[in-house]
There are 2 protein chains.
Amino acid sequence: MEPLLLDRLLQITDLFQRDMARAFEGSGLTTARVHLLWVLTHNGPSTQQSLAVACGVSPRNITGLVDGLEASGHVRRTPHPTDRRAVLVELTESATTMMRRMQQEHVELNDTLIAAIAPADRAAVERGLNSLIEKLTALVDDAQTPERRS
Amino acid sequence: MEPLLLDRLLQITDLFQRDMARAFEGSGLTTARVHLLWVLTHNGPSTQQSLAVACGVSPRNITGLVDGLEASGHVRRTPHPTDRRAVLVELTESATTMMRRMQQEHVELNDTLIAAIAPADRAAVERGLNSLIEKLTALVDDAQTPERRS
DNA sequence: TATTGTTATACTCTATAACTATA
DNA sequence: TATAGTTATAGAGTATAACAATA
């Protein structure tokens, strides 16, 4: 009984989640908080509204995540220069350093994974994953868009 | 700037999670509860201890998940025939029917995804995913096992 | 003495709704 | 009037520790 392609992909999903959880444990960080740190790394100082959009969660949730990251010294809230309602969330120096290291480990893991694939198969795997992403994106969007509000 | 292989895999992970959450919404089911239902589908009536091991969560957590699934009519607690400490959790008839349908949809999604990959690439993608699973499993285990308790 | 499940407690992620301060 | 963020409230998933009943 060959496992289905779908089962293999789900297994990879599970392995990633466990690998990430393991990498964070002890640091007080969680998947949701690290996600926010990645967004800040890529986008620079951001308002909580924009973080909510980027993370795909409610603004209220961002308040909680930023509270936690502020308490652990990873981010800092600073006043928005022109809008006194808003705050800018930015990485602290130590968090910036940490994210640089994480980004490096990310690239190293990528290299390790590519090295695990037979050279002759690599191009096909890349094409295949791209096709899967395209198909999955279409499926998710299809399910989202046509909410027949008749 | 080509995205990394790792980023593609993470994107697929994200798409799966969104697709599953979408599929369950409105049904009152969640990822954790559906996972438990899958375990029951595959293993048959089980004690909460064995469910805890199979789901990789604490026994206490299983109590909560089973409480919820019992309230929604998906599972039933029955006395263990020989061990009066334990209970056997089993699917109700309606949940069994639902899981059969879910299993069918699972196979259909698998077919859809395979169809999205160019036929010439399919074998290479399968091999590549197997290699990735092997490598990732080794990485996760390596990080787990040698907790140098010196 | 060890195991099964539950009660007690706590933390994180998540959401919606109401409210405050500003635009 | 609309927007940015917070307080209030709620529910799910997760954990550990203490306890009951049973092995």
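Within every chain, numbering begins at 1; the chains are lettered A, B, ... in the order of the sequence lines, protein sequences first and strands thereafter.
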Under 4.0 Å between a side-chain N or O of [X] and OP1 or OP2 of [N]?
X: R77(A); N: dA4(D); result: no
X: Q48(A); N: dT6(D); result: yes
X: S58(B); N: dA15(D); result: yes
X: N61(B); N: dT14(D); result: yes

**Prompt:** Nucleotide by nucleotide, 5' to 3', does protein get under 4.0 Å of the base (B), only the sugar-phosphate (S), or neither (-) in nucleotides 18-23 of chain D, counting heavy atoms?
**Reply:** ---BBS

Given atom [atom1] of [X] and atom [atom2] of [N], what is their separation to the nearest angstrom?
X: D67(B); N: dT14(D); atom1: CG; atom2: P; value: 14 Å
X: Q49(A); N: dA23(C); atom1: CD; atom2: C1'; value: 13 Å
X: E70(B); N: dG5(C); atom1: CD; atom2: C1'; value: 13 Å
X: L65(A); N: dA15(C); atom1: CG; atom2: C1'; value: 13 Å
X: R33(B); N: dT14(D); atom1: CZ; atom2: C1'; value: 13 Å
X: E25(B); N: dA12(D); atom1: CD; atom2: P; value: 16 Å

**Fill in**
On DNA chain C, more 5' by nearest nucleotide between V57(A) and A86(B) is A86(B)

**Message:** Clusters formed by hydrophobic residues whose side-chain heavy atoms approach within less than 4.5 Å: which one holds L4(A), and what are its other members?
**Reply:** V107(B)

**Request:** Find which nucleotide of DNA chain D each of G64(B) and T47(A) is nearest to by heavy atoms, and output the residue with the more 5' nucleotide.
**Result:** T47(A)

Is a side-chain donor or acceptor of [X] paired with a backbone partner of [Y] at a separation under 3.5 angstrom?
X: T92(A); Y: H74(A); answer: yes
X: H42(B); Y: W38(B); answer: yes
X: S50(B); Y: Q48(B); answer: no

**Message:** What's the closest nucleotide to the side chain of T63(A) if the choices are dG13(D), dG5(D), dC13(C)?
**Reply:** dG5(D)

**Residue V87(B), side-chain atoms from C-beta onward, closest of dG5(C), dT14(C), dA12(D)** = dG5(C)

**Message:** Please classify the nucleic acid contact of R60(A) as base, sugar-phosphate, or nothing, using heavy-atom distances under 4.0 Å.
**Reply:** base

**Message:** Using a 4.0 Å heavy-atom cut-off, does I62(B) contact any base of the nucleic acid, only the sugar-phosphate backbone, or nothing at all?
**Reply:** nothing

**Message:** Check this for me: E134(B), atom CD, are more than 12 non-hydrogen atoms of other residues, nucleotides or ligands nearer than 6.0 Å?
**Reply:** no

**Asked** So, are E25(A) and R18(A) salt-bridged, with charged N and O less than 4.0 Å apart?
**Response** no

**Request:** Please report the closest heavy-atom contact between I114(B) and R122(B), naming both atoms and the distance.
**Result:** O-NE, 3.2 Å

